[in-house]
Amino acid sequence: MRYIFTVLFICFSFYSSLAQSDYYWVGDGGNWSDLGHWATSSGGSTFHTEPPGEEDNVYFDAFSFSLEDQELSLDVDGYCLNMDWTGTAHTPYFKSLGTSNQNLLYVYGSLTFNNSVQKKLSKVILRSTEAGNVIHSGEKTLGSTCSIVFDGPGEWSLQDSLAVGWMRFNGLGTLNTNNHPVHTNFFF
């Protein structure tokens, strides 16, 4: 019996280590679906064979963009666990292609932008069951027509102000503003 539990533990541990990966955007502007931009390391040249999913962390850093105002376009629905733009330089532009119900961004953890990232997203869906998630907008709007949906019983804490076209809570989620202002045209 102990042998079976040991084998199950080893298999679970192996699966868990494979389930979550780190994705690093490299090679300047492009489309989210282009696998030639999703490296396995910062500035790396080995690439993932599929786009990031809900258990994967995505990073944008000093090796992501080499020129000003390059665009990363959500040409499909984008998924990630945590998204971090902390080290990004050159004022990149992150935008959704399509209408308000196309090419959505699903974040299952924390969302962190720095203040150099320009954003025009159509819809961001924050979907978590965990506490400890943070939102750092970089003191810029996510897009004047962007909607942000808190979907699930997770908890999020603002690290700075949040500006979106509209906000909606589905379920029992909690948003701690930490006394930062929230700017929205509609709240549901």
Side-chain angles (χ1 to χ4, degrees), residues 5 8-25 32 38 40-42 48 50-61 64 72 74 76-88 94 96 100-101 103-117 119 121-143 145-188:
F5 287 124
L8 288 174
F9 177 75
I10 291 170
C11 289
F12 178 75
S13 297
F14 178 72
Y15 173 76
S16 294
S17 68
L18 291 178
Q20 182 178 349
S21 295
D22 290 336
Y23 281 67
Y24 294 84
W25 183 266
W32 183 276
W38 291 116
T40 58
S41 62
S42 177
H48 288 281
E50 60 187 23
E54 64 187 67
E55 295 181 355
D56 300 317
N57 296 310
V58 297
Y59 297 97
F60 302 87
D61 62 16
S64 297
L72 165 56
L74 268 174
V76 295
D77 287 349
Y79 297 88
C80 65
L81 177 59
N82 297 300
M83 178 178 283
D84 188 345
W85 292 73
T86 303
T88 307
F94 186 32
S96 298
S100 63
N101 287 314
N103 308 325
L104 312 179
L105 177 62
Y106 292 85
V107 180
Y108 289 78
S110 295
L111 178 61
T112 304
F113 290 104
N114 70 17
N115 62 1
S116 74
V117 181
K119 300 168 288 295
L121 300 171
S122 62
K123 188 179 282 184
V124 177
I125 300 172
L126 300 172
R127 195 174 267 176
S128 178
T129 58
E130 305 293 325
N133 301 303
V134 300
I135 302 169
H136 190 315
S137 71
E139 296 289 343
K140 290 186 178 178
T141 182
L142 297 182
T145 60
C146 178
S147 60
I148 189 167
V149 178
F150 295 88
D151 190 23
E155 295 180 9
W156 295 267
S157 294
L158 289 184
Q159 304 301 301
D160 58 2
S161 65
L162 179 63
V164 294
W166 62 274
M167 295 176 69
R168 183 173 80 202
F169 278 84
N170 293 342
L172 304 171
T174 302
L175 174 63
N176 179 355
T177 65
N178 289 322
N179 294 318
H180 294 292
V182 175
H183 306 279
T184 185
N185 296 325
F186 300 101
F187 180 81
F188 301 97

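- A distance of 10.5 Å separates CH2 of W166 from CD1 of I148, quoted to the nearest 0.5 Å.
- To the nearest 0.5 Å, atom CG of residue N185 and atom OG of residue S147 are 11.5 Å apart.
- The two atoms that bring G165 and T184 nearest to each other are O-OG1, 3.2 Å, heavy atoms only.
- In terms of modelled atom types and a separation under 3.5 Å, the side chain of N103 and the main chain of V76 share a donor-acceptor contact.
- Ring centers of F150 and W156: under 6.0 Å apart, within the cut-off.
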* **Test log, rule side chain to side chain contact (heavy atoms under 4.5 Å, CB included), inputs Y106 and D77** => CA-CA 7 Å; Y106 292 85; D77 287 349; 3.9 Å; yes
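- The side-chain hydrogen bond (donor to acceptor under 3.5 Å, both in side chains) test applied to N57 returns D22, N82, not counting sequence neighbours.
- If you look at F60 and W85, their ring centroids are closer than 6.0 Å.
- Between V107 and I125 the shortest side-chain heavy-atom distance does not fall below 4.5 Å.
- Considering all non-hydrogen atoms of both residues, Y79 and E54 come closest at CB-N, 3.9 Å.
- Using modelled atom types, one finds a donor on one side chain and an acceptor on the other under 3.5 Å when comparing N133 with S128.
- The local environment of CZ in F187 is crowded, with over 12 non-hydrogen atoms from other residues, nucleotides or ligands closer than 6.0 Å.
- The NE2 atom of H183 sits 12.0 Å away from the CG atom of L142 when rounded to the nearest 0.5 Å.
- The heavy-atom pair separating L121 from L74 by the smallest distance is CD2-CD1, 4.2 Å.
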* Just do the side chain to side chain contact (heavy atoms under 4.5 Å, CB included) check on L104 and S122 with the steps written out, would you? => CA-CA 7 Å; L104 312 179; S122 62; 4.0 Å; yes
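- Side-chain atoms of D84 and T112 form no donor-acceptor pair, as typed in the model, at a separation below 3.5 Å.
- Counting only N and O atoms by type, the side chains of T88 and N114 include no donor and acceptor under 3.5 Å apart.
- Geometrically, K119 engages F113 in a cation-pi contact, judged by NZ or CZ lying under 6.0 Å from the ring centre and within 45° of the ring axis.
- Taking each heavy atom of P51 and Y23 in turn, the nearest pair found is O-OH, 3.4 Å.
- Using cut-offs of 30° and 60° on the angle between ring planes, the pair F94 and W32 is parallel.
- Listed for the S64 side chain is a donor-acceptor partner under 3.5 Å among the backbone atoms of W25.
- Under the rule for a side-chain hydrogen bond (donor to acceptor under 3.5 Å, both in side chains), the partners of N178 that lie at least two apart in sequence or sit in another chain are N176.
- Residues V164 and V182 have side chains not in contact (no heavy-atom distance under 4.5 Å, counting atoms from C-beta outward).
- Side-chain N or O atoms of H136 include one that pairs as donor or acceptor with a backbone N or O of G138 at under 3.5 Å.
- With sequence neighbours excluded, no residue forms a side-chain hydrogen bond (donor to acceptor under 3.5 Å, both in side chains) with T174.
- Between S137 and S161, the shortest heavy-atom distance links the atoms OG-O, 2.5 Å.
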* Apply the test side chain to side chain contact (heavy atoms under 4.5 Å, CB included) to residues D56 and S21: give CA-CA distance (whole Å), side-chain angles for both, the deciding distance (0.1 Å), then the verdict. => CA-CA 5 Å; D56 300 317; S21 295; 3.5 Å; yes
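- Here the side chains of V149 and L126 are not in contact, with every heavy-atom distance at 4.5 Å or above.
- A donor-acceptor pair shorter than 3.5 Å cannot be found between the side chains of H180 and D160.
- The shortest side-chain heavy-atom distance between L175 and F169 falls under the 4.5 Å cut-off.
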